[in-house]
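Taking it in order: structure first as structure tokens, then the write-up.
Below, chains carry the letters A, B, ... as their sequence lines are ordered, and counting in each starts from 1. As a basis for the values below, the full set of heavy atoms in this structure was taken, side chains included, without hydrogen atoms, waters or symmetry mates.
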Amino acid sequence: MKRTKIKFALADATIGEKILIKGWVRTFRNNQFIAINDGSTINNIQAVVDFESTDENVIKNINTGACLSIEGTLVESQGKGQRVEVVADKVEILGVCDPEVYPLQPKKHSLEFLREKAHIRVRTNTFSAVYRVRHAMTFAVHEFFNKKGFVNVHTPIITGSDAEGAGEMFRVTTLDPTQPPLDAAGSVDYKADFFEKETNLTVSGQLEGETAALALSEIYTFGPTFRAENSNTTRHLAEFWMIEPEMAFYDLQDNMDLAQEFLRYLIQYALDNCQEDLAFLNQRLLDEEKNKPQAERSEMSLLEKLQFVLDNDFERVAYTEAIQILRNSKPNKKKKFKYLIDEWGADLQSEHERFLVEKHFKKPVILYNYPKTIKAFYMRANDDDKTVGAMDVLFPGIGEIIGGSQREERLDVLKEKIAAMGIDEKEVWWYLETRSFGTAPHSGFGLGFERMIQFVTGMGNIRDVIPFPRTPGNAEF
RNA sequence: UCCUCAGUAGCUCAGCUGGUUAGAGCAUCUGACUGUUAAUCAGAGGGUCGUUGGUUCGAGUCCAACCUGAGGAGCCA
């Protein structure tokens with residue numbers, strides 16, 4: 001007999017039908033009722049065994065975590081918690097699970113505990129829901145861009161340019177770390193290394209993405225990204241996934257339009273396709289909030305928050321305007337901010353971003369036209385000579401979820417900026433050539449995929465939305 | 001990296017201003033139970049109180065350093 005996935009057994013199978021299900025035991029009650037889950041849905045199916053006619057050895061091995069194969073008849077349930085159930089004819093233990101040592105129990109575990117059992121945590125409701133939502137979001141990303149005619153480009157993971165300025169990089173080498181070859185000056189001789197030069201893991205596919213956009217018009221990348229920053233926060237990983245669209249002929253406004261449309265598409269897709277998982281995650285958050293003091297509870301539930309983003313346009317605020325709002329804000333006047341805003345040019349701290357998003361506008365905010373002094377070399381200089389065409393999309397609770405800009409397409413301006421930032425032109429010769437050979441106005445942005453998953457699932461810690469998180473001091477599994 | 005908080009049974013946590021033998025719920029084990037829903041009921045086992053050092057007649061409790069984790073900050077997506 002062919003196996004039926006539990007998702008389909010619960011939804012589509014007809015009463016009286018003989019079916020075969022396989023999955024892992026969540027609980028076994030009353031020597032009689034097995035709750036089984038195979039990950040196809042958040043819901044378990046209940047199998048009923050007749051314990052008098054079932055082998056004692058089999059009954060003894062129906063423990064939480066064990067893997068079972070059950071053949072039986074789908075019937076309407078006499079109990080209240082479920083519509084249908086399987087009356088088992090044959091129960092086979094595919095994999096035993098010793099309850100003395102199995103870490104999961106039919107109870108709530110802390111996320112911190114489960115993080116240390118990352119190989120097992122996907123067997124919980126919360127993590128299997130997160131994994132499924134993450135998959136749906138991956139699919140939706142490709143669907144969105146595919147529908148729009150964007151070309152997916154695989155940019156390199158090992159990169160030879162270290163000029164991106166997006167942070168500390170992980171070195172890639174095959175040299176012996178204890179005895180590296182040295183050059184005449186006594187430093188490590190990378191000419192002797194595998195690529196005959198210094199190489200690192202990518203911190204962004206943007207520069208390579210731009211070269212593709214200046215031929216295919218609209219492209220996007222979706223791949224792993226690595227930052228060797230010593231960041232210990234709920235929203236940073238050393239290895240994360242980033243989506244970077246890059247579009248020829250888009251100005252900053254077009255870029256913002258696309259960012260908003262894209263984020264909304266993903267959220268709508270989740271609401272349309274992950275209803276049960278989102279309902280569970282929504283409830284999980286509500287339960288969690290019950291333990292918090294009234295003041296710390298959020299005004300909206302997860303589902304309300306997602307709907308809210310769909311219903312309200314993102315507020316677009318120029319940096320200069322944001323500074324004015326902040327300067328005149330209550331927390332600034334009452335000196336409640338740790339970093340007080342007094343003059344134009346200051347970088348915004350997360351307390352300021354949070355004020356704008358969570359208190360002042362109370363919706364997603366796109367900040368744009370930042371001072372050139374605090375932004376990267378490739379961002380397009382505005383006519384005022386003070387600002388660049390940068391934009392950050394800020395989400396409540398997450399902070400910066402997207403960072404992007406219109407790119408500097410004018411060769412002379414770009415060369416000036418590169419010189420000003422102390423970058424060697426030779427390092428980015430190929431990037432500069434794109435500005436010589438038929439340059440075009442273009443824009444792009446980077447979306448932190450895990451941060452998006454955090455927002456959609458309501459998970460507070462980024463380490464809980466990627467299967468095996470890599471953070472400083474942690475690369476287990 | 002900086003700041004704050006935490007580390008007590010397998011898990012979640014209680015343990016007051018230092019004072020006999022360190023507690024609870026859940027889990028586990030044993031027994032009961034054929035309509036349960038994190039099943040229920042009865043009983044049992046389970047601890048180098050993160051580590052090291054110090055103060056004290058006496059330390060889970062006080063002090064110091066270190067380790068681990070969490071939250072916040074910075075860096076950013």
B:G7 and B:U61, which share atom name P, separated by this distance in whole Å
11 Å

What does A:Gln78 touch in the nucleic acid at a heavy-atom separation under 4.0 angstrom: a base, only the sugar-phosphate, or nothing?
base

Could you measure between the two P atoms, the one in B:U8 and the one in B:U52, and give it in whole Å?
16 Å

Output the rounded distance in Å from CD (A:Gln349) to C1' (B:C75).
11 Å

Which residues in residues 464-477 of chain A have a heavy atom closer than 4.0 Å to any atom of RNA chain B?
none

Nearest-angstrom distance, C1' atom, B:G15 to B:C49
11 Å

Report which part of the nucleic acid A:Ser350 touches: base, sugar-phosphate, or nothing (heavy-atom distance under 4.0 Å, all strands).
sugar-phosphate

Rounded distance (Å) that lies between atom P of B:A73 and atom CG of A:Asn230:
16 Å

Taking atom C1' of B:C76 as reference, at what distance in whole Å does atom CZ of A:Phe395 sit?
17 Å

What about the rings of A:Phe361 and A:Phe314, do their centers lie closer together than 6.0 Å?
no

Please compare A:Glu100 and A:Thr27 by the position of their nearest nucleotide in RNA chain B and report the one closer to 5'.
A:Glu100

Say we look at B:G58 and B:U20: how far apart would their P atoms be, to the nearest angstrom?
15 Å

Pair A:Arg171 + A:Glu198, salt bridge at N-O below 4.0 Å
yes

Quick check, does A:Phe240 stack with B:A77? I mean ring centres under 5.5 Å and planes off by under 30°.
yes

Classify the nucleic acid contact of A:Asn461 as base, sugar-phosphate or nothing, counting any heavy atom under 4.0 Å across all strands shown.
sugar-phosphate

Are any of the side-chain nitrogens in A:Glu92 or A:Lys22 under 4.0 Å away from the carboxylate oxygens of its partner?
no

Among residues 43-56 of chain A, which contact RNA chain B at a heavy-atom distance under 4.0 Å?
A:Gln46, A:Asp50, A:Phe51, A:Glu52

Could you spell out the base pairing of RNA chain B in dot-bracket, with Watson-Crick or G-U pairs whose two distances are under 3.5 Å, [ ] crossing and | to another strand?
(((((((..((((.....[...)))).(((((.......))))).....(((((..]....))))))))))))....

Would you kindly give the CG-to-C1' distance between A:Asn232 and B:G69, to the nearest whole Å?
11 Å

With nearest nucleotide decided by heavy atoms, which residue, A:Thr64 or A:Phe28, maps closer to the 5′ end of RNA chain B?
A:Thr64

